[in-house]
Amino acid sequence: MRRNKEQLLRTKRYRKLKVLYGKAGRNNDKALKSHLSAQMNAMQDEYDVSWDCCRRTMIPIGKKYSLSSVFALTRAEDIWKGVEKVLYADGKMLRFSKRGELPILRAKQIERSITIKNIDGRLVLSCSSISFSPIISDRFGEDEVNAVLHYLNHGDEIDAEAVRTFHEKDKILDTYRPCYASLKCEEIRGRLRVFIHLTIEGKAKPKFSMDGSPRHKYGTGVVGCDIGTQTIAYTSDKECGLRNLAERGEAITGSERKERILLRKLDRSRRAMNPDNYNEDGTVKNGPKKWKCSKNYLEDKQRLKKLRRKNSINCHLAIREDVNHMRNLGDVFITEPRNAKRLMTKTKEMTINENTGKMNRKKRFGKSIRNRCPGYFQSQAEMKFTLTGGRYIEVPYGYRASQYDHTSGEYVKRKLSQRLFSLSDGTAVQRDLYSSFLLYNASFDDTGELIIDGMRCAKSFTSINRMHEEEIERIRLSGKKVLNSGIRV
């Protein structure tokens, strides 16, 4: 598929059609877009860049390696998704799996390859000659398993009720039908472990605390959130806050430092064992090379892998906890458009520092975004608010919450390093908290576009600014540094 795709993109006609299609999209010419799309699809079929070709090519490969037809078809679907991302989205090229990367095997048919059955009131999953039941350790797991067992016993009745409800009331019921299962291999503490992921139709069951009360409560109101590369600032009717992203209790700067130390140690070991693979200036030589790895190098590599796995899990859990807290404060989440991917890329132009006369670095915020995952926080917030009956709103690019001054009604451009500043009336504010305040006071104008509501800002600023000052004082007294906030502890 990669070879066919490269042959297709090498033709001048297809590249010209892509350019014309982009111009038609910018001009909102739907008739021309439809005509160009038909020509591009015809060329894709001609060069075998289609789902049918991907499916047919996978059949002999599956037979050669004795793969189940269900696993082979699912893998073909995964490959075609990558092709679609290159053809229609922002994908650059198709890539193979990395050496040593453990696979994920999905069976898109629940009756074959990985089967799920109800045997004597137990959920039993079978793959080849191996069968086992899931280990249930909490009430949430029991509720999920019981819902699946109920569907396996009364599947036809539940499906009929879901269809009738949809036609009569235009409402979708959560049937908890098991769709398919996946086998995921993962190495944890030096041991290879295999997990089964079960995909179920419907929303997840609610979670409860030890006393039986719901663990997550859904609030009402507006939450304005300014998402930075390493921090989030939020403003609501109940609470205002400024905190580091992806932190659970202790700061993650310690684990980041451990990772840097291990990376430097691995680099020194690699250079000591392979001096012939480097030039005199320290760069790697071109051409094929053989690399020697010491036992200490392999052990340190396993330590680094273990550390990164723990950091990744803690990061995801911390972000989900923050999103649940946002949903507890309100049901309307207002934030700026996604820009994490643009902030990761290096600058293209070379600039000179006026003070030192040296060239500025092209690097931007790639490492911060990798460690803190602001894009994941934004996607989780959108999913959480949408699925729980709330609203997720992104303001337009011209909103410029970090530059507006509601006391004067003008936009004042400030440097990125200016975290604390004063408004035109002399009131001192913190940049991120004030941006979340302006997002909190967004409203629609007569044309349906989101703008900053100056009257709402003037009406609510006194009480909200008092909460901002209390939050800044709390940060100073806690002794815990909030990155890039300008607040000294």
Side-chain angles (χ1 to χ4, degrees), residues 219-245 322-323 325-339 374 377-378 381-382 385 390-445 449-476 482-487:
T220 57
V222 179
V223 180
C225 186
D226 179 69
I227 305 173
T229 56
Q230 300 187 85
T231 59
I232 55 168
Y234 56 91
T235 298
S236 67
D237 300 333
K238 306 174 184 177
E239 180 185 327
C240 299
L242 176 63
R243 62 177 68 181
N244 292 326
L245 258 172
D322 289 341
V323 170
H325 184 64
M326 297 293 115
R327 185 62 182 90
N328 186 24
L329 296 176
D331 58 348
V332 179
F333 188 85
I334 303 178
T335 186
E336 293 180 331
R338 292 176 172 85
N339 62 346
F377 174 87
Q378 201 156 352
E382 180 180 9
F385 277 78
R391 294 181 62 192
Y392 173 86
I393 301 174
E394 289 184 1
V395 298
Y397 284 101
Y399 197 86
R400 293 182 292 170
S402 60
Q403 301 175 12
Y404 187 74
D405 186 345
H406 81 278
T407 58
S408 62
E410 298 178 353
Y411 287 91
V412 181
K413 193 170 184 179
R414 303 179 180 89
K415 294 182 178 180
L416 189 62
S417 58
Q418 190 176 358
R419 313 311 298 179
L420 300 172
F421 59 89
S422 299
L423 302 177
S424 60
D425 63 350
T427 306
V429 294
Q430 202 276 337
R431 183 188 182 113
D432 300 325
L433 287 171
Y434 186 68
S435 297
S436 68
F437 165 75
L438 296 177
L439 291 168
Y440 166 77
N441 288 291
S443 63
F444 292 95
D445 60 3
E449 185 178 357
L450 272 173
I451 59 170
I452 301 174
D453 193 334
M455 295 182 62
R456 282 185 58 189
C457 289
K459 186 177 180 180
S460 61
F461 180 70
T462 303
S463 59
I464 296 296
N465 188 50
R466 190 180 304 111
M467 287 194 288
H468 285 182
E469 292 175 351
E470 292 174 358
E471 176 66 12
I472 293 173
E473 186 65 23
R474 184 195 66 79
I475 294 173
R476 285 173 176 160
V482 177
L483 302 171
N484 300 329
S485 63
I487 302 174

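All heavy atoms count here, side chains included; hydrogens, waters and symmetry mates do not.
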Non-hydrogen atoms of [X] and [Y] that approach each other most closely:
X: Asp237; Y: Gly221; value: OD2-CA, 4.3 Å
X: Glu336; Y: Leu439; value: CG-CD2, 4.1 Å
X: Tyr399; Y: Ile451; value: CE1-C, 3.5 Å
X: Ser436; Y: Gly224; value: CB-O, 3.4 Å
X: Cys240; Y: Glu471; value: O-OE1, 3.5 Å
X: Ser460; Y: Asn441; value: OG-OD1, 3.3 Å

For Leu245, is there any backbone N or O sitting under 3.5 Å from a side-chain donor or acceptor partner on Asp322?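 No; judged by distance alone, with no hydrogens or angles, the pair does not exist.
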Could you tell me whether the side chain of Arg243 and the main chain of Val482 form a donor-acceptor pair under 3.5 Å?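 Side chain of Arg243 to backbone of Val482: no pair is present.
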Do [X] and [Y] have side-chain heavy atoms sitting under 4.5 Å apart?
X: Ser422; Y: Val429; answer: no
X: Pro396; Y: Leu450; answer: yes
X: Tyr440; Y: Ile334; answer: no
X: Asp226; Y: Thr335; answer: no
X: Ser236; Y: Val222; answer: no
X: Leu242; Y: Gln430; answer: yes
X: Tyr411; Y: Lys413; answer: no
X: Leu423; Y: Phe461; answer: yes

Row check, Phe333 ring normal vs Arg391 NZ/CZ: under 6.0 Å, within 45°: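 No, a cation-pi geometry is absent between Arg391 and Phe333.
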Distance, nearest 0.5 Å, that separates [atom1] of [X] from [atom2] of [Y]:
X: Asp331; Y: Thr220; atom1: CG; atom2: OG1; result: 6.0 Å
X: Cys225; Y: Gln378; atom1: SG; atom2: CD; result: 8.5 Å
X: Asp405; Y: Cys457; atom1: CG; atom2: SG; result: 10.0 Å
X: Ile232; Y: Asn244; atom1: CD1; atom2: CG; result: 9.5 Å
X: Ser485; Y: Leu433; atom1: OG; atom2: CG; result: 9.0 Å
X: Asp425; Y: His406; atom1: CG; atom2: NE2; result: 7.0 Å

So His468 and Phe437, would you call those rings parallel, tilted or perpendicular, with 30° and 60° as cut-offs? perpendicular
Among residues at least two apart in sequence or on other chains, which ones pass side-chain hydrogen bond (donor to acceptor under 3.5 Å, both in side chains) with Glu239?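 Only Tyr234, His325 meet the side-chain hydrogen bond (donor to acceptor under 3.5 Å, both in side chains) criterion with Glu239.
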By side-chain hydrogen bond (donor to acceptor under 3.5 Å, both in side chains) - contacts of Glu394 (at least two apart):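 Per chain and number, Glu394 pairs via side-chain hydrogen bond (donor to acceptor under 3.5 Å, both in side chains) with Arg338, Tyr392.
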Please collect all salt bridge (charged side-chain N to carboxylate O under 4.0 Å, His left out) contacts where either partner lies in residues 427-443, sequence neighbours excluded, each pair once. Arg419-Asp432
Assess whether a salt bridge exists between Arg466 and Glu469, defined as any Lys/Arg side-chain N lying under 4.0 Å from an Asp/Glu carboxylate O.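 No, this pair does not count.
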Could you tell me whether Lys459 atom NZ has more than 12 heavy atoms of other residues or ligands within 6.0 Å of it?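 Check fails, neighbour count at 12 or below.
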Ser424 and Thr407: side-chain donor and acceptor closer than 3.5 Å?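 A pair is found: one side chain offers a donor N or O, the other an acceptor, under 3.5 Å apart.
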